[in-house]
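Note that these values count all heavy atoms, side chains included, but never hydrogens, waters or copies made by symmetry.
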Amino acid sequence: MHFRKLMIIFGIGIVALILEFGFHQNLWAQIIISVVGLALAVSMTIEMIKTLRSGKYGVDLLAIMAILSTLAVSQYWASLIILLMLVGGDTLEDYAANKAGSELKALLEHAPEQAHLLQKDGTIKDVELDDVAIGADLIVKPGEQVPVDGIVTKGSGTFDESSLTGESKPVDKKVHDELMSGSINGSTAIEYRATKLATDSQYQKIIRLVKESQNQPAHFVRLADRYAVPFTIVALIISGVAWFISGDPNRFAQVLVVASPCPLILAAPIALVSGMSRTSRNGIIVKSGTSIEKMALLKTIYFDKTGTITTGELALNQVQPANDFTAEQLLKYAASAEQQSNHVLAISLLRNYHEQLLPLTHLEEKTAQGVQAQIEGHVVKAGKMDFVNPGHKADNDDPTIFVAIDNQYAGKITFIDQIRPEAQQTITDLRNLDIKHLKMLTGDNEPTAQRISQTAGLTEFQANLLPEDKIKALKNTPENERPMGMVGDGVNDAPSLAVADVGIAMGAKGSTAASESADVVILKDDLSRLVRGVIISRETMSIAKQAVLIGIFICTALMLVAAVGIIPTIIGALLQEVIDTVSILWSLKARHGKTTFEQPLPTAPKANN
């Protein structure tokens with residue numbers, strides 16, 4: 001669009017040059033350029049009025065006045081250069097935005113469309129992704145993308161997950177390991193079983209998030225507006241004083257020609273798009289430029305416990321058999337009884353029990369109580385204490401499976417929620433970034449919450465919270481502790497993520513609801529990526545502000561020089577291209593920033609309020 005407009009204006013300029021210098025038709029050259037200049041000025045005025053009506057302050061006024069003033073004093077060639085400058089700047093912005101967003105677009109361009117279905121007779125049939133059912137046996141050939149999420153059933157190899165997690169090192173996969181859709185297979189064919197439908201798989205979820213982020217362009221309203229009004233006022237004062245003192249209206253035009261608003265209009269949004277591109281390369285999707293701005297200013301971060309501070313997977317803690325029973329018996333009968341249960345404790349037990357399970361009959365599952373089955377002629381109960389051993393109370397707060405065999409209490413198996421290995425360092429790094437308020441919100445009981453928070457290095461927590469209690473805690477955050485962020489991964493976290501100033505979802509294993517309601521999604525199951533996100537946001541904001549201030553400083557210096565009549569209007573218009581190019585190229589530095597994440601994190605820039 002802008003490139004086409006640029007070519008039209010460039011063509012009109014060629015025609016005007018031929019008319020004036022080839023046929024000496026100065027008047028016709030002036031008329032052609034004046035008509036185009038007035039048309040663009042009217043178009044810009046309409047857009048400026050729309051901007052003002054929306055409650056935002058634009059800086060297009062300077063560009064409009066520069067066009068009109070140069071036309072008024074018959075400096076029509078300067079007007080043409082200004083037109084080329086403005087439209088050329090928009091074209092350059094389009095190019096920079098496309099370049100900065102190339103990583104996001106790559107996700108959309110390489111989405112898998114079909115899957116290789118492994119049929120019962122051993123043949124392979126290609127089917128559409130929407131036709132792949134949960135439990136379907138699939139094969140991924142060398143060099144292909146995994147079409148849907150699943151678990152490896154045969155073979156082993158390496159997979160490139162860089163487009164999903166930002167991790168450049170290939171990941172080894174073997175039987176029973178999870179495969180993420182969108183990862184790229186290495187050199188050997190792998191068979192696996194689908195565990196999710198295509199629409200629920202990781203890659204399609206990322207694509208939806210990317211499309212959502214692209215539909216929310218990086219508007220840098222607050223920073224641009226912070227400088228727009230004073231910059232416009234200063235430009236008008238300098239140009240007005242220069243005209244008044246010299247008595248020459250050309251002086252007014254000369255000053256306005258170099259008072260370009262392009263550093264404000266272009267530099268900051270390009271920096272933000274570049275920052276969003278950088279976060280995507282680090283396994284983080286930021287849905288809007290506003291989210292980057294808020295994340296750079298975070299003063300408080302709340303954490304959900306399960307799946308966020310902890311791994312969300314319970315580890316076997318203790319096996320405590322009662323008299324007349326052994327630990328081996330207790331584990332064998334409990335795991336066999338729970339083998340068909342979907343309860344989190346049953347899943348955790350089976351994950352930790354690697355011996356042969358015993359066959360069972362007469363299985364009964366009591367909702368929220370436990371299971372009962374016949375195993376080797378014995379009646380086995382596994383579940384809560386009041387289910388397996390009525391009249392007795394549990395003596396601890398840890399997640400526990402109690403077991404009875406033939407109505408005799410046989411013992412208990414306790415589990416413990418595992419702290420993420422990176423949790424402590426993440427909390428330390430966030431404190432080093434001067435984020436002082438780090439708190440945990442959880443529905444767990446107070447002893448468990450206290451143990452987890454202390455282990456993770458958190459000094460503040462709230463326990464026994466329902467989802468509505470978490471929302472209340474977020475809304476009660478004092479103003480001097482905002483902006484505040486919330487990190488979570490479950491369905492119950494979705495409302496809290498929506499309420500927070502910056503909702504941050506652990507999206508690798510988290511729920512779709514949490515990812516969709518969040519402003520930021522961490523694609524890799526790694527809490528330390530939160531630190532990367534904050535650092536990238538701060539560096540992006542710093543570069544955006546630098547680009548704006550560099551452009552304003554150069555413009556102001558040139559305005560003062562132009563005020564004394566040293567810079568002709570045509571030269572001033574040409575200098576504007578230099579200013580715009582410098583500002584935009586500086587903005588593109590946000591694509592890479594100054595911090596690398598291969599080494600221990602250095603002291604990162606503090607938030608600029």
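- Counting only heavy atoms from C-beta outward, the side chains of I184 and F159 never approach each other to under 4.5 Å.
- Proximity of I284 to L523: side-chain heavy atoms (C-beta onward) are nowhere separated by under 4.5 Å.
- Salt bridge status for E539 with K589: absent, with no side-chain N to carboxylate O gap under 4.0 Å.
- Taking every heavy atom of both residues into account, T540 and G275 meet most closely at OG1-CA, 3.4 Å.
- With sequence neighbours excluded, no residue forms a salt bridge (Lys or Arg N to Asp or Glu O under 4.0 Å) with E128.
- Using a 4.5 Å heavy-atom threshold, the side chains of D429 and S528 count as separate.
- Put simply, the side chain of R251 never gets that close to the backbone of S246: no donor and acceptor are under 3.5 Å apart.
- Not one N or O on the side chain of R529 forms a donor-acceptor pair closer than 3.5 Å with the backbone of M506.
- Residues satisfying the side chain to side chain donor-acceptor pair (under 3.5 Å) test with Q25, not counting sequence neighbours, are none.
- Between the side chain of S239 and the backbone N or O of A235, at least one donor-acceptor pair lies under 3.5 Å.
- None of I301, V487, L298 except one satisfies the side chain to side chain contact (heavy atoms under 4.5 Å, CB included) rule with V502; the exception is L298.
- Side-chain contact between V520 and M295: present, with at least one pair of heavy atoms (C-beta onward) separated by less than 4.5 Å.
- D501 places a side-chain N or O within donor-acceptor distance of the main-chain N or O of M484, the cut-off being under 3.5 Å.
- Distance CE/M180 to CG/D525: 9.0 Å, rounded to 0.5 Å.
- The shortest non-hydrogen separation linking V286 to T279 is CG2-OG1, 3.6 Å.
- In this structure a side-chain-to-backbone donor-acceptor pair under 3.5 Å is present from T300 to E481.
- For the pair I504 and L497, the minimum side-chain heavy-atom distance is 4.5 Å or more.
- Distance CZ/F23 to CD1/I18: 7.5 Å, rounded to 0.5 Å.
- Side-chain atoms of D149 come within 3.5 Å of backbone N or O of S181 as a donor-acceptor pair.
- Side-chain atoms of D126 and L117, non-hydrogen and from C-beta on, never get closer than 4.5 Å to each other.
- Judged by distance alone, the side chain of S277 and the main-chain N or O of V273 form no donor-acceptor pair under 3.5 Å.
- N185 places a side-chain N or O within 3.5 Å of a backbone atom of K141 that can act as its donor or acceptor partner.
- Formation of a donor-acceptor pair under 3.5 Å by the K196 side chain with backbone atoms of V148 is not found in this model.
- Nearest approach of S274 to S587, heavy atoms of both residues: OG-O, 4.0 Å.
- Side chains of Q145 and S183: no donor on one and acceptor on the other come within 3.5 Å.
- Residues V140 and H116 are not in side-chain contact: their nearest non-hydrogen atoms beyond the backbone lie 4.5 Å or more apart.
- Taking all atoms of both residues into account, the shortest heavy-atom contact from D130 to A198 is OD1-CB, 4.4 Å.
- The heavy-atom pair separating I238 from A563 by the smallest distance is CG2-CB, 4.0 Å.
- Residue R532 comes nearest to N282 through the heavy atom pair NH1-OD1, 2.9 Å, listed as atom of the first residue, atom of the second, then distance.
- Residues V499 and M486 fail the side-chain proximity criterion, which asks for heavy atoms closer than 4.5 Å.
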